[in-house]
2 protein chains.
Amino acid sequence: MSDPTPKQRPTRQRSALVEALANCQDFISAQDLHARMTEDGTRIGLTTVYRALRDLEAADTVDVAQAGAGERLYRWRPAGRHRHYLICRACGSSRPVDSEVVEEWAGRIAADSGFAAVEHTVELTGVCIGCQPTTGEGKLPSCPWSPDWETPRHRAPGCGS
Amino acid sequence: MSDPTPKQRPTRQRSALVEALANCQDFISAQDLHARMTEDGTRIGLTTVYRALRDLEAADTVDVAQAGAGERLYRWRPAGRHRHYLICRACGSSRPVDSEVVEEWAGRIAADSGFAAVEHTVELTGVCIGCQPTTGEGKLPSCPWSPDWETPRHRAPGCGS
DNA sequence: ATAGGTGCAAAAGATTTGCAACTGG
DNA sequence: CCAGTTGCAAATCTTTTGCACCTAT
């Protein structure tokens with residue numbers, strides 16, 4: 001009937017972006033991804049990053065999360081089906097969670113309500129073990145992990161640099 | 001220990017805002033709420049609306065939803081517990097849904113993962129019956145439902161005016 | 001009296017768009 | 001060749017902030 005994925009030409013920028021995003025095992029914002037790619041030597045415009053991400057989103061090959069107000073984070077989706085994640089509010093790391101239950105629940109709601117084309121957004125956030133201050137004794141620093149994640153949000157170890 | 005709801009002084013603007021929001025049975029953006037209040041004769045600054053909504057959010061008396069990129073919608077929360085909604089993408093009307101299942105699921109994830117202070121965001125969107133084009137025959141008008149949810153994409157009859 | 005609230009104008013950010021030049025199939 | 005891409009600058013849009021002036025308690 002229609003083209004879920006109209007075109008998408010494998011240009012130099014587009015390919016590099018997909019690779020950078022796939023290498024990144026976490027959510028990352030368009031701006032950060034652009035910065036990272038630029039750092040790594042890829043010449044690409046911020047506008048292009050936005051447009052490419054938008055297309056990938058339309059093609060359902062990335063998962064999207066909202067960061068605070070008006071900032072969207074993208075994460076490459078290896079497998080076919082969409083996933084939901086548990087994101088650490090302190091260090092930004094994310095891990096996929098089993099969401100069968102929610103999927104079914106959403107399906108039931110859809111059926112019972114009579115609504116069509118029901119879509120859902122589910123986001124879990126918390127403070128991961130590594131970022132939890134040990135209540136009584138000496139509290140560890142912020143994030144006892146890879147030395148390069150210092151951004152409260154986006155900024156993952158496996159990501160690029 | 002701390003004050004979840006530090007202050008909140010019942011000023012003219014604040015009170016009017018709460019009333020307007022409570023009267024509105026649907027999600028509404030800060031800008032729209034401001035516009036509506038202004039239309040209705042309440043003199044209030046947009047800044048104040050933003051600040052009041054932020055405080056209400058902190059006080060957990062409103063539910064928040066994300067609209068597209070970087071626009072937040074607020075909905076007055078009558079009962080105590082938070083709720084999740086099914087929102088029509090065509091007309092914007094929203095109806096709370098039973099989310100026990102999801103609450104439990106979220107709790108389990110929290111426990112199993114070891115993450116602390118786990119919070120969740122769940123949003124369901126679809127096309128309500130009234131907005132569904134009747135495939136073959138004559139298509140009904142926009143949205144013929146229960147008299148209390150009729151907001152056409154933020155702009156409800158029941159809301160204020 | 002005074003801590004908190006208000007509002008205007010300006011600032012901040014993130015994302016989108018106009019447009020002319022470019023490129024992969 | 002030609003539809004799709006790119007990138008820069010400018011434009012949009014929503015939300016936040018600086019600051020001086022009000023106002024409940």
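In what follows, every chain begins at residue 1, and chains take the letters A, B, ... in the order their sequences are listed. This is a predicted model, so every value here is computed, not measured. The basis for the numbers below is simple: all heavy atoms, side chains too, and nothing from hydrogens, waters or symmetry mates.
For the pair B:Val122 and A:Val102, the minimum side-chain heavy-atom distance is 4.5 Å or more. Between A:His82 and A:His120, some side-chain heavy-atom pair lies under the 4.5 Å cut-off. Taking the side chain as every heavy atom from C-beta outward, A:Val49 and A:Tyr74 never approach each other to under 4.5 Å. Side chains of B:Val118 and B:Ile109 form no contact here, defined as non-hydrogen atoms less than 4.5 Å apart.
Recorded end-axis angle for the helix from C:dA1-D:dT25 to C:dG25-D:dC1 stands at 40°, based on five pairs per end and rounded to 10 degrees.
Comparing B:Gly70 and A:Gly45 against DNA chain D, the residue whose closest nucleotide sits nearer the 5' end is A:Gly45. Nearer the 5' end of DNA chain D, as judged by each residue's closest nucleotide, is the contact made by B:Tyr74, out of B:Tyr74 and B:Pro10.
An OP1 or OP2 oxygen of C:dT2 is reached within less than 4.0 angstrom by no side-chain nitrogen or oxygen of B:Arg9. Residue A:Tyr50 has no polar side-chain atom (N or O) positioned under 4.0 Å from OP1 or OP2 of C:dT16. In terms of phosphate contacts, B:Gln13 brings a side-chain nitrogen or oxygen within less than 4.0 Å of OP1 or OP2 of C:dG7. Distances shorter than 4.0 Å separate some side-chain N or O of B:Arg14 from OP1 or OP2 on C:dT6.
Listed here is the closest heavy atom pair of B:Gly92 and B:Ile87: O-CG2, 3.9 Å.
The interatomic distance linking B:Gln66 (CD) with C:dT15 (C1') rounds to 14 Å, in whole Å. Rounded to an integer number of Å, the gap from CG of B:Asp55 to P of C:dG5 is 7 Å. Atom-to-atom, CZ of A:Arg43 to C1' of D:dT5 comes out at 14 Å; the value is rounded to the nearest Å. At whole-Å resolution of the value, CG in B:Leu53 and P in C:dG5 are 14 Å apart. Residue B:Leu46 contributes atom CG, which lies 15 Å from atom P of C:dA10 at whole-angstrom precision. Distance A:Arg12 CZ to C:dG25 P: 14 Å, rounded to the nearest Å. Following rounding to the nearest Å, A:Met37 (CE) and D:dT6 (C1') show an atom-to-atom distance of 13 Å. If you take NE2 of A:His34 and P of C:dA14, they are 13 Å apart, rounded to a whole angstrom.
A:Asp63 has a carboxylate O that lies under 4.0 Å from a charged side-chain N of A:Arg77, or vice versa, which qualifies the two as a salt bridge.
Here the nucleotide nearest the side chain of A:Thr48, chosen from C:dT15, C:dG7, D:dG7, is D:dG7. The side chain of B:Ala30 lies closest to D:dT15 when the candidates are D:dT16, D:dT15, D:dC8. Considering only the side chain of B:Ile44, C:dG7 comes nearest among C:dG7, D:dT15, D:dG7. Among C:dG7, D:dC8, C:dG25, the nucleotide with an atom closest to any side-chain atom of A:Thr47 is D:dC8.
Base contact: B:Gln31 has a heavy atom under 4.0 Å from a base atom. A:Thr11 comes within 4.0 angstrom of the backbone, heavy atoms only, and of no base. At a threshold of 4.0 angstrom between heavy atoms, the contacts of A:Arg54 are confined to the sugar-phosphate backbone, with no base atom among them.
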From CA spacing to verdict: side chain to side chain contact (heavy atoms under 4.5 Å, CB included), A:His84, A:Leu124: CA-CA 8 Å; A:His84 295 299; A:Leu124 292 172; over 6 Å; no
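To the nearest 0.5 Å, atoms CD (B:Gln66) and OG1 (B:Thr125) are separated by 13.0 Å.
The base of D:dG7 sits with one of its N or O atoms less than 3.5 Å from a complementary donor or acceptor on the side chain of A:Arg51.
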